[in-house]
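Here, residue 1 is the first one in the sequence, and each next residue gets the next number.
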Amino acid sequence: MNEIKGNYFLVNGSVEPIEKFEAICSQINFEVYEVIRIINGIPLFCEDHFARMMNSLQLLHKHFDTEYQSFKDQIKLLAGKNNIQNGNVKIIVSDQAKNLIMHFIPHYYPTDNDYKQGVKTGLFEAERTNPNVKTHLTELRKKVDFYIKKSGLYEILYVDRDGVITEGSRSNLFFIKEKVAYTCPPEKILLGITRQKVIQCLKNINIPLIEKPVFKNDIKSFESVFLTGTSPRILPIASIDKISFSCSNETMGKIMVEYNRMIDQYVADRKN
């Protein structure tokens, strides 16, 4: 129950009291999931999350019979029943794509100081199977959470067998050098929604992007690094293990401003 927030959750659109969560979900085999941030009652980039969920199911050769409007309406129903206007909702598809479960989860949003001074990260040798599918990797998650807690890091960055830094355990990753952004190629990572929006931001403000592997032995050559994700948005990295990076990089600052503008515009458009 530590992963549940609020008084109610949804099963296939039906409102259930949180006391029934363990009894109902203990009989369910989880398959794919999404986490959507709610801002002032608006599910942020909801259509993109829905599209990724459906793509994950397709990659697993599973058919899920639901429409986007129903999906969005269920999220708003959940928010209304729990009287929560800002937070994170977890959406789970399970049992051969027969069940759709939604509930709020505890969240941690970075502080103003985190955005100014950056966060500490470290390297961790691991690879996710089928990286384009957002699914539960329980054993890997346990190992990562233990390592993060033990080390006091904000996030760890996966390094694959070739020495490539692919992504964070809950985030995507961008590097900055000489006013150019670099990120791992799509086939090696989970294609985060925030990552997609950041790429659009780069186009909006004419910052070049190169999608190429970044090797752990080469990270000293970069000026700045940042994480992207549902909760952190765009979050500067102060250090990767013992290597420090600038958190006041001008190019990174422009990207952060543009991304926040994009969010504000999205929420405003759907409030009207």
Side-chain angles (χ1 to χ4, degrees), residues 3-18 20-21 24-25 27-107 132-136 172 186 190-201 204 228-231 233 259-272:
E3 287 297 316
I4 311 299
K5 182 179 179 181
N7 296 317
Y8 301 96
F9 69 108
L10 298 186
V11 180
N12 299 324
S14 175
V15 178
E16 300 288 349
I18 206 68
K20 291 186 177 182
F21 184 83
I24 292 175
C25 292
Q27 306 300 317
I28 287 173
N29 297 310
F30 295 158
E31 287 168 344
V32 304
Y33 75 99
E34 289 288 325
V35 175
I36 299 181
R37 185 166 178 171
I38 311 296
I39 299 179
N40 298 331
I42 303 298
L44 185 63
F45 306 135
C46 188
E47 55 274 88
D48 297 285
H49 282 282
F50 179 77
R52 184 174 66 175
M53 182 183 77
M54 300 302 282
N55 183 64
S56 291
L57 289 166
Q58 185 176 7
L59 290 173
L60 294 174
H61 307 291
K62 299 181 187 296
H63 174 72
F64 186 45
D65 188 18
T66 191
E67 299 294 332
Y68 171 66
Q69 188 62 48
S70 173
F71 177 82
K72 183 174 69 172
D73 289 345
Q74 287 185 52
I75 296 174
K76 291 190 174 182
L77 173 62
L78 179 70
K81 290 294 293 185
N82 285 287
N83 194 26
I84 297 177
Q85 295 296 296
N86 292 277
N88 287 359
V89 171
K90 188 170 186 176
I91 295 103
I92 301 165
V93 180
S94 65
D95 294 309
Q96 301 299 315
K98 293 178 182 178
N99 291 306
L100 179 65
I101 300 165
M102 298 185 179
H103 61 86
F104 276 94
I105 57 174
H107 62 265
N132 285 175
V133 176
K134 190 172 179 68
T135 188
H136 289 91
N172 287 123
L190 177 68
L191 300 178
I193 302 304
T194 307
R195 177 187 184 273
Q196 295 175 22
K197 299 303 179 183
V198 167
I199 290 174
Q200 183 59 54
C201 288
N204 293 348
T228 66
T230 297
S231 290
R233 298 191 180 190
Y259 182 67
N260 288 334
R261 184 204 65 76
M262 180 184 286
I263 288 178
D264 291 344
Q265 187 66 57
Y266 183 95
V267 173
D269 287 348
R270 284 150 185 81
K271 278 288 188 182
N272 298 331

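- Here the OH atom belonging to Y8 is positioned 10.5 Å from the CD1 atom belonging to I18, to the nearest 0.5 angstrom.
- Between the OG1 atom of T228 and the NZ atom of K197 there is a distance of 13.0 Å, given to the nearest 0.5 Å.
- Classified by interplanar angle (parallel below 30°, tilted 30° to 60°, perpendicular above 60°), the ring pair F21/H103 is perpendicular.
- Looking only at distances, no side-chain donor or acceptor of K81 sits under 3.5 Å from a matching main-chain atom of L10.
- Note that the CG atom of N88 and the CG atom of L44 stand 10.0 Å from one another [nearest 0.5 Å].
- Smallest separation of non-hydrogen atoms from I101 and S94: CD1-OG, 4.3 Å.
- The salt bridge (charged side-chain N to carboxylate O under 4.0 Å, His left out) search around K20 returns E16, not counting sequence neighbours.
- Contact between I39 and N86 at its shortest, heavy atoms only, is CA-OD1, 3.4 Å.
- Here NZ of K62 is found 10.0 Å from NZ of K98. Values are rounded to the nearest 0.5 Å.
- Heavy-atom contacts from other residues, nucleotides or ligands closer than 6.0 Å to CD of Q69 number more than 12.
- At least one donor-acceptor pair under 3.5 Å links the side chain of N172 to the backbone N or O of L190.
- Contact detail for P43 and K76: the closest heavy-atom pair is CD-CE, 4.1 Å.
- S56 and V32 make their closest contact through CB-CG1, 3.9 Å (heavy atoms, listed as atom of the first residue, atom of the second, distance).
- Residues I4 and I105 fail the side-chain proximity criterion, which asks for heavy atoms closer than 4.5 Å.
- Residues satisfying the ring-ring contact (aromatic ring centres under 6.0 Å, His included) test with H49, not counting sequence neighbours, are none.
- You'll find the side chain of T230 stays beyond 4.5 Å of the side chain of I36, heavy atoms only.
- Atom CD in Q74 sits 5.0 Å away from atom CG in L100 (nearest 0.5 Å).
- Looking at residues two or more places apart in sequence or on another chain, you find a side-chain contact (heavy atoms from CB on, under 4.5 Å) between E47 and Y68, Y266, R270.
- Here Q200 pairs with N204 under the side chain to side chain donor-acceptor pair (under 3.5 Å) rule; sequence neighbours left out.
- Taking every heavy atom of both residues into account, V35 and K90 meet most closely at CG2-CG, 4.3 Å.
- The shortest distance between side-chain heavy atoms of F50 and I75 does not fall below 4.5 Å.
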Original post:
After noting the C-alpha distance and the side-chain angles of F64 and M53, does the key distance pass the side chain to side chain contact (heavy atoms under 4.5 Å, CB included) rule?
Top reply: CA-CA 10 Å; F64 186 45; M53 182 183 77; 4.1 Å; yes
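- Remark: F104 engages K5, I38, L78, A79, N82, I84, V89 in a side-chain contact (heavy atoms from CB on, under 4.5 Å) (not counting sequence neighbours).
- Evaluation of the salt bridge (charged side-chain N to carboxylate O under 4.0 Å, His left out) rule for R233 yields no partner, not counting sequence neighbours.
- Taken to the nearest 0.5 Å, the CG atom of L57 stands 6.5 Å off from the CG atom of L60.
- The two residues M102 and F71 have their closest heavy-atom pair at CE-O, 3.6 Å.
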